[in-house]
Amino acid sequence: MTNENQTIVIEFVFTDFPHLREGGLLFFVLLLLIYLFIIIGNLMVFFAVRLDSCLHTPMYFFISVLSFLEIWYTTTTIPKMLSNLVSEQNTISLAGCLLQMYFFHSLGISEVCLLTTMAMDRYLAICNPLHYATIMTPQLYTQLTLGCCFCGFFTPLPEIAWIATLPFCGPNQIQNIFCDFDPILNLVCKDTGTIILIKIVDIVHAVEIITAVMLVALAYVQIIAVILRIRSAEGRRKAFSTCASHLAIFLIFFGSVALMYLRFSAKYSFFWDTAISLMFAVLSPFFNPIIYSLRNKEIKEAIKKHMCQSTIFTHHIKKDKNHTS
């Protein structure tokens with residue numbers, strides 16, 4: 001299609017994906033194994049928290065929601081990456097690209113809000129323990145979670161709606177492993193107004209990230225100050241251990257997000273763009289079940305208990321079938 005001597009782009013091509021003969025199969029198998037681990041690991045954490053009554057507390061409720069979001073967060077990008085690794089035509093339609101961007105950023109912003117809420121929860125639990133139970137009621141933490149999801153799914157809508165109105169006149173090669181704002185906006189037929197709006201989008205992203213980081217940092221400064229005043233070494237160790245997992249996930253996720261969205265006019269090579277994209281699109285969800293299950297005694301015990309129960313239940317069903325036959 002042409003309009004005023006310009007080609008109107010209706011689909012994009014992901015560049016630099018290795019094909020099967022170029023070692024793509026190795027990347028495909030590795031990424032598939034990581035994706036399966038993310039899905040299974042986060043499902044185990046989610047169901048362990050939902051099924052074990054001992055874990056029905058605000059902290060574990062937030063962890064289960066984070067695990068649920070991580071499953072869908074990775075599903076917006078990894079299946080398409082896997083398809084591109086084994087396909088000769090690494091294309092995506094404009095509508096598909098916009099949808100991928102919307103759900104990726106919606107779920108990502110929901111996680112940002114949830115991680116910030118988790119920091120506030122730990123702040124209340126450690127710095128104001130006497131009033132924690134009366135403040136952090138089931139009604140409140142449910143409302144906070146719904147608020148995080150509402151904020152996540154509403155915030156990117158204006159940006160996606162605006163990008164959907166922009167003309168793309170070529171080239172149509174996306175210099176990234178999935179659809180994201182910066183690679184897509186680089187393909188827009190730019191005029192002065194568009195360039196200004198792109199800068200505004202960069203500033204909005206920066207404000208969102210910096211605000212969340214500052215809130216979490218302030219909460220943890222207060223938390224650490226209170227923990228250091230605890231007299232017993234065991235009390236300090238226990239208090240630190242409850243916050244260490246959340247802080248580790250926060251640093252992994254926000255470190256990669258900051259590298260990607262706080263660079264403004266700085267340009268990275270394709271290798272570093274890909275590495276940073278993989279960090280917050282793949283590695284953060286990959287480490288989530290490891291950190292929350294392997295480092296958390298309660299979740300480990302809940303997973304073991306329910307796995308044993310499911311094994312016993314399956315064994316009884318098999319025995320019943322054998323008796324009836």
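Just so we're clear, the structure is a prediction, and the values are computed from it rather than from any experiment.
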- request: Determine the interplanar angle of the Phe153 and Phe103 rings, folded into 0 to 90°, and report it as parallel if under 30°, tilted if 30 to 60°, perpendicular if over 60°.
  value: perpendicular
- line: Note: Cys97 and Ile174 closest approach over all heavy atoms is SG-CD1, 4.1 Å
query: Is there side-chain contact between Ser284 and Glu70, with heavy atoms separated by less than 4.5 Å?
result: yes
query: Between the side chain of Asn42 and the main-chain N/O of Phe68, is any donor-acceptor distance below 3.5 Å?
result: no
message: Treating Thr137 as the side-chain partner and Thr134 as the backbone partner, does any N or O pair qualify as donor plus acceptor under 3.5 Å?
response: no
- request: Please confirm whether the backbone N or O of Val13 pairs with a side-chain atom of Gln173, one donor and one acceptor, at under 3.5 Å?
  value: no
task: Go through Cys113 and Cys148 one step at a time and tell me if the disulfide bond (SG atoms under 2.5 Å apart) criterion holds.
output: CA-CA 5 Å; Cys113 295; Cys148 290; 5.1 Å; no
- prompt: Would you say the side-chain atoms of Glu298 and Tyr60 include a donor-acceptor pair closer than 3.5 Å?
  reply: yes
message: For residues Met120 and Ile210: do they belong to one hydrophobic cluster (side chain heavy atoms under 4.5 Å, members Ile, Leu, Val, Met, Phe, Trp, Tyr)?
response: no
message: Surrounding CZ of Phe37 (heavy atoms of other residues, nucleotides or ligands, distance under 6.0 Å), is the total greater than 12?
response: yes
task: Would you confirm whether Asp121, through its side chain, and Thr117, through its main-chain N or O, come within 3.5 Å as a donor-acceptor pair?
output: no
Leu32 versus Leu82, closest heavy-atom pair with distance: N-CD2, 3.7 Å
field: Smallest separation among heavy atoms of Ile291 and Ala248, with atom names
entry: CD1-CB, 3.9 Å
- request: Identify the residue among Trp72, Phe181, Tyr73 that makes a ring pair (Phe, Tyr, Trp, His ring centres under 6.0 Å) with Phe104.
  value: Tyr73
field: Side-chain donor/acceptor of Asp52 to backbone N/O of Cys54, under 3.5 Å
entry: yes
Side-chain heavy atoms of Leu218 within contact of Tyr123, under 4.5 Å: no
Nearest atoms (heavy-atom pairs only) where Thr75 meets Pro79: O-CD, 3.2 Å
- prompt: Taking it one step at a time, do Tyr35 and Phe286 satisfy ring-ring contact (aromatic ring centres under 6.0 Å, His included)?
  reply: CA-CA 8 Å; Tyr35 181 55; Phe286 175 78; over 10 Å; no
- prompt: Stepwise, does the side chain to side chain contact (heavy atoms under 4.5 Å, CB included) test hold for Phe14 with Lys80?
  reply: CA-CA 10 Å; Phe14 292 102; Lys80 184 60 181 174; 4.0 Å; yes
- prompt: Ignoring hydrogens and geometry, is there a side-chain-to-backbone donor-acceptor pair from Asn128 to Leu124 under 3.5 Å?
  reply: no
task: Nearest 0.5 Å please: distance from the CG atom of Leu146 over to the SG atom of Cys151.
output: 13.0 Å
query: Do we see a donor-acceptor contact under 3.5 Å between the side chains of Asn176 and Ser277?
result: yes
message: With a 4.5 Å cut-off on side-chain heavy atoms, are Asn90 and Ser83 touching?
response: no
query: Within the side chain of Gln100, is there an N or O that forms a donor-acceptor pair under 3.5 Å with the backbone of Thr76?
result: yes
query: What distance separates Ser110 OG from Phe150 CZ, expressed to the nearest 0.5 Å?
result: 11.0 Å
